[in-house]
Amino acid sequence: MRMVGFPNDALEADCCHGDLSLQFCSNTTDTNIHALRDIVKNLPDLLLVRWKQEGSVPPQAPAKPGVPAQSARNFLGFRDGSANPDSNDAKTMNSIVWVQPGSDEPAWAANGSYQAVRIIRNFVERWDRTPLQEQESILGRIKSTGAPMGGGHESEVPDYAKDPEGKLTKLDAHIRLANPRTAATQDNLILRRPFNYSNGVNKNGQLDMGLLFICYQADLEKGFITVQTRLNGEPLEEYLKPVGGGYFFTLPGVTGDQDFIGRSLLNATQPKTTT
Amino acid sequence: MKKSPLALLLTLGLLNTPFSAFAATAPLELVGPISDYKIYVTEQLDELASHTQTFTDAVKKGDLATAQKLYAPTRVFYESIEPIAELFSDLDASIDSRVDDHEKGVKAEDFTGFHRIEYSLFSEKTTKGLGELADGLNKDVKDLQTRVAGLTFPPEKVVGGAAALLEEVAATKISGEEDRYSHTDLYDFQGNIDGAKKIVDLFRPQIEKQDAAFMAKVDKNFATVNKTLAKYKTKDGGFETYDKVKDSDRKALVGPVNTLAEDLSTLRGKLGLN
């Protein structure tokens, strides 16, 4: 499935789509660059780099015992990933992230995951000129702590049932639209793994930076596409412009030292030998 | 158009706003300027509609020279009231989206409105095949008129509109990316600035009461921008194309524009609107 632009998107063909998404993650940018160069050097006849986006996650202070860990801040200055499902909870990951054997996906896709990538430019100058209260009501969280409106800690769960008119958290607040926390919208949960990016300066003299948004889900329609569709027209759009990205599939992981990435896919596409 | 203060309070939805929101400025003080602003927007939209009719008539008649000439002076009425027009994002997309909003570029089916017509008129230098786009633009502008007529103007959107217009200038006018085929960016530039100045002028007494020094600084920066823009005015009341604007003048505009954007972003706070 090819990513189709959403109403607020201004997709640049030069940083969209592709056959293969490769992600390098390490503690330093240099490690990633060298890993990329190794790949490029070793697969000259197989790979052509279509686009690349570097990103980073600011280091977090170690969590205090008994206190839930805090999410890193994005370039809007807010903690990002607060309501992410627990990636250590295998049951949750099986229902949200991993394609399950016996689903309507092809058999080789089992235990893989759909990856949605979005390069989302942030208009940071404009954001920095926006009053704090307005920033908080647009997102639905307190900037200092990351807590939901009226809360004290990032990990608190907002109770929208008690706020049907949006007096505390506006009905069109980013976190409320993205995750309305109803029984029905549990099907739309996604695992986000975002990075901040900073590329240089735009033609208008404004900083070119934002969020390299990446999320994983077993079903793209139920996951990212539904969530983003709910966000269409949100007040935050005034400060965002998605310019690139695409939909990819993360292959099932290796199961042992005799296994390799992509085995199930290659086996499935192998021409059947007739005897 | 003038209504009794109570009727206006009801129309503007101010009665539902907690009075604490108006710590700095009493709500009644804002009712007058906001209703005056609605009159201004209505007038600008009337102008936009009649100019769009003339413009699209020229397009449909195949009169390329007239259509090219009318393109910029027609759009300017949209630019001056953009923060209100943008409240209807579907119409904003169909009337004013730019080519870079579309992954498929000029060939995108949903690329319609002023900039799509601009592309044909100035890049392809033709009016061929524009009939449907011309009709669509006319229809959308009339639709916008109807929708704005029925709109309750949110006070924070009106006051915040001044800053929003400066953000438009800073983001798309300075770089000359708005009218990339016709290079008539200075018309839009002036339209944004005039629209912002109008809002400031309407709330002038309230702002001056809060902070006279701030008002003086804002006026000074508006004057600097207008003075630079005036250098590029042509005899027929229009503007030179943006490629004629000297690099030094482009840079000289950035400072006052960004300072205005910073200052006007505090206007809501100054008037007690959050």
Side-chain angles (χ1 to χ4, degrees), chain A residues 2-18 51 118-119 121-138 149 165-167 170 172 201-208 210 231-247, chain B residues 16 18 21 83 86-90 92-94 97-105 107-108 110-111 154 156-157 159-160 162-164 166-178 180 185 250-251 253-255 257-270 272-274:
Chain A
R2 193 177 165 95
M3 180 174 74
V4 178
F6 292 87
N8 189 43
D9 290 8
L11 299 177
E12 292 165 9
D14 289 352
C15 51
C16 284
H17 320 301
W51 54 273
R118 307 267 292 166
I119 302 175
R121 188 172 292 159
N122 294 170
F123 300 135
V124 291
E125 287 88 352
R126 185 169 190 174
W127 183 251
D128 292 344
R129 288 193 270 261
T130 301
L132 175 63
Q133 259 177 298
E134 195 175 327
Q135 293 184 355
E136 291 180 338
S137 76
I138 288 172
M149 302 306 275
E165 284 162 33
K167 281 185 177 148
K170 286 195 168 179
D172 57 7
V201 182
N202 287 319
K203 228 174 137 188
N204 58 13
Q206 298 187 332
L207 301 172
D208 181 7
L231 290 170
N232 287 344
E234 63 169 332
L236 186 60
E237 280 186 352
E238 208 157 24
Y239 303 91
L240 307 178
K241 195 50 92 177
V243 294
Y247 299 150
Chain B
N16 295 326
E86 280 178 350
L87 294 177
F88 306 101
S89 60
D90 57 329
D92 187 45
S94 62
S97 76
R98 297 195 322 242
V99 66
D100 45 7
D101 292 322
H102 304 274
E103 189 187 357
K104 290 189 180 136
K107 293 201 181 96
D110 57 350
F111 182 28
E156 73 281 0
K157 287 283 174 196
V159 175
L166 262 300
E167 296 291 354
E168 285 290 332
V169 175
T172 60
K173 307 306 184 307
I174 294 274
S175 58
E177 285 174 300
E178 178 78 24
R180 64 190 63 197
D185 303 84
R250 290 186 191 203
K251 290 213 169 66
L253 282 165
V254 174
V257 162
N258 284 344
T259 312
L260 279 171
E262 289 287 346
D263 286 344
L264 295 181
S265 73
T266 67
L267 213 52
R268 273 166 294 181
K270 284 204 190 306
L273 296 164
N274 285 307

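Since this is a predicted model, take the numbers as computed values, not measurements. Residue numbering restarts at 1 for every chain, and letters A, B, ... go by the order of the sequence lines.
Residue with the most contacts toward chain B among A:Arg126, A:Glu238, A:Glu237: A:Arg126 (heavy-atom pairs, distance under 4.5 Å). By number of non-hydrogen pairs under 4.5 angstrom with chain A, the leading residue of B:Leu264, B:Asp100, B:Leu166, B:Thr266 is B:Asp100. Ranking B:Glu177, B:Arg98, B:His102, B:Arg250 against chain A, the residue ahead of the rest is B:Glu177, based on heavy-atom pairs under 4.5 Å.
With a 4.5 Å cut-off on non-hydrogen atoms, B:Glu167 touches chain A through its side chain but not through its backbone. Heavy atoms of A:Glu12 lying under 4.5 Å from chain B are absent altogether. Heavy-atom distances place both the backbone and the side chain of B:Ala164 under 4.5 Å from chain A.
Using a distance-only test at 3.5 Å, with no hydrogens or angles considered, a donor-acceptor pair links the side chain of A:Asn204 to the main chain of B:Ala171.
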Test side chain to side chain contact (heavy atoms under 4.5 Å, CB included) applied to A:Val4 and B:Glu103, step by step:
CA-CA 9 Å; A:Val4 178; B:Glu103 189 187 357; over 6 Å; no
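Crowding of A:Lys170 atom NZ: a count of heavy atoms from other residues, nucleotides or ligands under 6.0 Å not exceeding 12.
Between A:Arg129 and B:Asn258, the shortest heavy-atom contact is NH1-O, 3.9 Å.
In this structure the side chain of A:Gln133 never reaches within 4.5 angstrom of the side chain of B:Arg268, judged on heavy atoms.
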